[in-house]
Amino acid sequence: MPKIGRVFSGIRPTGHAHLGNYLGAIKNYVALQDDYDCVYCIVDLHALTTVEDTADLKQNTYDMALDLLAAGLRPEETIMFVQSHVPQVTELHTILSMVTPLGKLTDLPTFKEVARQHPNNVNYGMVGYPVLMAADIVLYKTDLVPVGIDQAPHIEFTREVVRSFNYRYGTNVLIEPGMKNTEIPKVLGIDGKDKMSKSLNNHIEIAASPEETRQRVMMMVTDPQRMKRTDAGNPDICNVFSLHKIFTSNEEVKRINVECRRAGIGCVDCKKLFAENLNKDLQPFRIKRAEIAAKPGMVEAILADGAKRAGLIAEKTIAEVRQAVQLP
Ligand code: SF4
């Protein structure tokens, strides 16, 4: 089937993916392959802005790549690579930074937020982060970037940078990317309060064993008003119920919705059922992951091949950019 355009997306090398990554990005990455020529980048350079201890960076990059492959990425058609393996992106970042007003970067809410989270390491990389992201996107002549509604300003920023570049150098070599609005569910952690994240230790790893998964699920916070088994619950404010809607059959979801409100089902049983359904859903992923992991060098070879293919596109773009800028 002919593809209808090129999609680019970057994912951080956070190691083993968790349920939030899986539902928010990875499933979508896999689905997009049917219609688009996909370029997926594991953004190790971006990670350096906030990761000071890089001892695990290599392993975390490998684990993320392995999870993506096990989830259904098809490396024979999709390009998956590590950002730093295609160094042209850093050259484009430098060039694009010359057409980006500094005030615009320091005014971005994302910069303010990351600076607030890392007050002892507010570095230049954090300020330039959106420019590096813009370079990632335009280097591969991207038509569309899949984004949730909250990330739309980043793409708008990239479009502005492209316009500034093309205007300053009287060219049209860089393409303004479009947005592919994606329904990205906000997955709360097992605390039922914050977004699922490894740093908050409120996550459930998708590669965990069924027993580990069950243990994490049993720790999930439910309706806080429901103190005793005999109290009626409210599924509308329960994170377990939100996830049941994704992993459990409609019929069972309807039953839980009714039974919870009249204390006909207890939270322990409800969570056991969720763990069972989650493990069932993740089983093919886990089997495939174990198969790939058992083949030494396979992930590394796929990443090397991805970097080679991405490098060919990048080299062409950067040559056009150098010519447009009239670099000697
Ligand atoms: S019974 Fe299920 S849906 Fe109701 S509060 Fe407990 S865990 Fe949540």
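FYI, the numbering just counts along the sequence from 1.
Judged by distance alone, the side chain of Thr49 and the main-chain N or O of His46 form a donor-acceptor pair under 3.5 Å. A donor-acceptor pair is defined here as one N or O able to donate and one able to accept, closer than 3.5 Å; no such pair exists between the side chain of Lys195 and the backbone of Lys186. Without hydrogens or angle criteria, His118 side chain to Asn123 main chain gives no donor-acceptor distance under 3.5 Å. When atom types are taken as modelled, the side chain of Arg226 and the backbone of Arg229 share a donor-acceptor pair closer than 3.5 angstrom. Listed for the Gln283 side chain is no donor-acceptor partner under 3.5 Å among the backbone atoms of Lys280. With hydrogens and angles disregarded, a donor-acceptor distance shorter than 3.5 Å links the side chain of Thr90 to the backbone of Pro87. Asn239 places a side-chain N or O within donor-acceptor distance of the main-chain N or O of Gly189, the cut-off being under 3.5 Å. With hydrogens and angles disregarded, no donor-acceptor distance shorter than 3.5 Å links the side chain of Asp35 to the backbone of Lys3. Counting only distance, with no hydrogens or angles, the side chain of Tyr40 and the backbone of Tyr29 share a donor-acceptor pair below 3.5 Å. Side-chain N or O atoms of Thr158 include one that pairs as donor or acceptor with a backbone N or O of His154 at under 3.5 Å.
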From CA spacing to verdict: salt bridge (charged side-chain N to carboxylate O under 4.0 Å, His left out), Asp37, Arg6 = CA-CA 5 Å; Asp37 165 22; Arg6 178 171 291 153; 3.0 Å; yes
Test ring pair (Phe, Tyr, Trp, His ring centres under 6.0 Å) applied to Tyr140 and Phe81, step by step = CA-CA 12 Å; Tyr140 301 102; Phe81 69 103; 5.4 Å; yes
request  = Apply salt bridge (charged side-chain N to carboxylate O under 4.0 Å, His left out) to the pair Glu205 and Arg216, showing each step before the final yes or no.
outcome  = CA-CA 9 Å; Glu205 277 181 13; Arg216 295 293 277 180; over 6 Å; no
ask   = Are Arg286 and Asn279 close enough, and set up right, to give a side-chain hydrogen bond (donor to acceptor under 3.5 Å, both in side chains), and what steps lead you there?
value = CA-CA 9 Å; Arg286 288 168 177 165; Asn279 277 327; 2.7 Å; yes
key: Residues Asp305, Lys308; criterion salt bridge (charged side-chain N to carboxylate O under 4.0 Å, His left out); working and verdict   = CA-CA 5 Å; Asp305 178 63; Lys308 208 163 129 197; 5.4 Å; no
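Taking 4.5 Å as the limit, every side-chain heavy atom of Phe157 sits out of range of all side-chain heavy atoms of Met133. The side-chain heavy atoms of Asp34 and Arg74, taken from C-beta on, include a pair separated by under 4.5 Å. Val187 has its side chain out of reach of Tyr22: every pair of non-hydrogen atoms, C-beta onward, lies at least 4.5 Å apart. Val221 is not listed as a side-chain neighbour of Ile190, based on a closest heavy-atom distance of 4.5 Å or more. You'll find the side chain of Val161 stays beyond 4.5 Å of the side chain of Val138, heavy atoms only. Within the 4.5 Å cutoff, side-chain heavy atoms of Glu160 are placed close to those of Lys104. For the pair Thr100/Leu105, a side-chain contact is recorded, criterion being any heavy-atom separation below 4.5 Å from C-beta on. Residues Tyr169 and Val99 have side chains in contact (heavy-atom distance under 4.5 Å, counting atoms from C-beta outward).
A salt bridge links Asp231 and Lys228; the closest N-O separation between the charged side-chain nitrogens and carboxylate oxygens is under 4.0 Å. Between Glu113 and Arg116 there is a salt bridge, since at least one side-chain N of the basic residue sits less than 4.0 Å from a carboxylate O of the acidic one. With respect to Glu320 and Lys141, a salt bridge is recorded, a charged nitrogen being found less than 4.0 Å from a carboxylate O. One finds a salt bridge joining Arg214 and Glu211 here, because a Lys/Arg side-chain nitrogen approaches an Asp/Glu carboxylate oxygen to under 4.0 Å.
Residues Ser84 and Asp44 have side chains that bring a donor and an acceptor to within less than 3.5 angstrom of each other. A side-chain donor-acceptor contact under 3.5 Å links Glu315 and Gln88. Using modelled atom types and a 3.5 Å distance limit, the side chains of Asn21 and Arg12 yield no donor-acceptor pair. A donor-acceptor contact under 3.5 angstrom links the side chains of Gln83 and Asp136, judged on distance only.
Counted within 6.0 Å of CD on Glu77, heavy atoms from surrounding residues, nucleotides or ligands total more than 12; the atom is thus considered enclosed. Other residues, nucleotides and ligands place no more than 12 heavy atoms under 6.0 Å from the CD atom of Gln323. For Asn250, the CG atom is loosely surrounded, since the number of other residues' heavy atoms within 6.0 Å does not exceed 12.
Residue Lys198 holds its NZ atom at 13.0 Å from CG of Leu200, rounded to the nearest 0.5 Å. Note that CZ of Phe274 and CG of Asp269 are 15.0 Å apart. Values are rounded to the nearest 0.5 Å. Expressed to the nearest 0.5 Å, how far CG of Asn166 lies from CZ of Arg168 amounts to 12.0 Å.
Exactly one of Arg262, Arg255, Arg261 qualifies for a side chain to side chain donor-acceptor pair (under 3.5 Å) with Glu259. That residue is Arg262. A side-chain contact (heavy atoms from CB on, under 4.5 Å) with Pro177 holds for exactly one of Leu144, Asp143, Ile137, Val147; it is Ile137. The side-chain contact (heavy atoms from CB on, under 4.5 Å) test with Leu273 singles out one residue from Ile256, Val240, Val217, Val268, and that residue is Ile256. When each of Ile206, Leu19, Ile204 is tested with Thr213 by the rule side-chain contact (heavy atoms from CB on, under 4.5 Å), just one qualifies, namely Ile204.
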Output a table of donor-acceptor pairs, distance under 3.5 Å, between side-chain atoms of residues 61-70 and any protein atom two or more places apart or on a different chain; print 'none' if there are none.
{"residue": "Thr61", "atom": "OG1", "partner": "Leu57", "partner atom": "O", "Å": "2.7"}
{"residue": "Asp63", "atom": "OD1", "partner": "Gln59", "partner atom": "NE2", "Å": "3.3"}
{"residue": "Asp67", "atom": "OD1", "partner": "Arg289", "partner atom": "NE", "Å": "2.5"}
{"residue": "Asp67", "atom": "OD1", "partner": "Arg289", "partner atom": "NH2", "Å": "3.3"}
{"residue": "Asp67", "atom": "OD2", "partner": "Ala17", "partner atom": "N", "Å": "2.6"}

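When the side chains of ILVMFWY residues are joined at heavy-atom separations under 4.5 Å, either directly or via intervening members, Val114 and Val43 end up in two distinct hydrophobic clusters.
In terms of heavy atoms, Thr142 sits closest to Ile175 at O-CG2, 4.1 Å.
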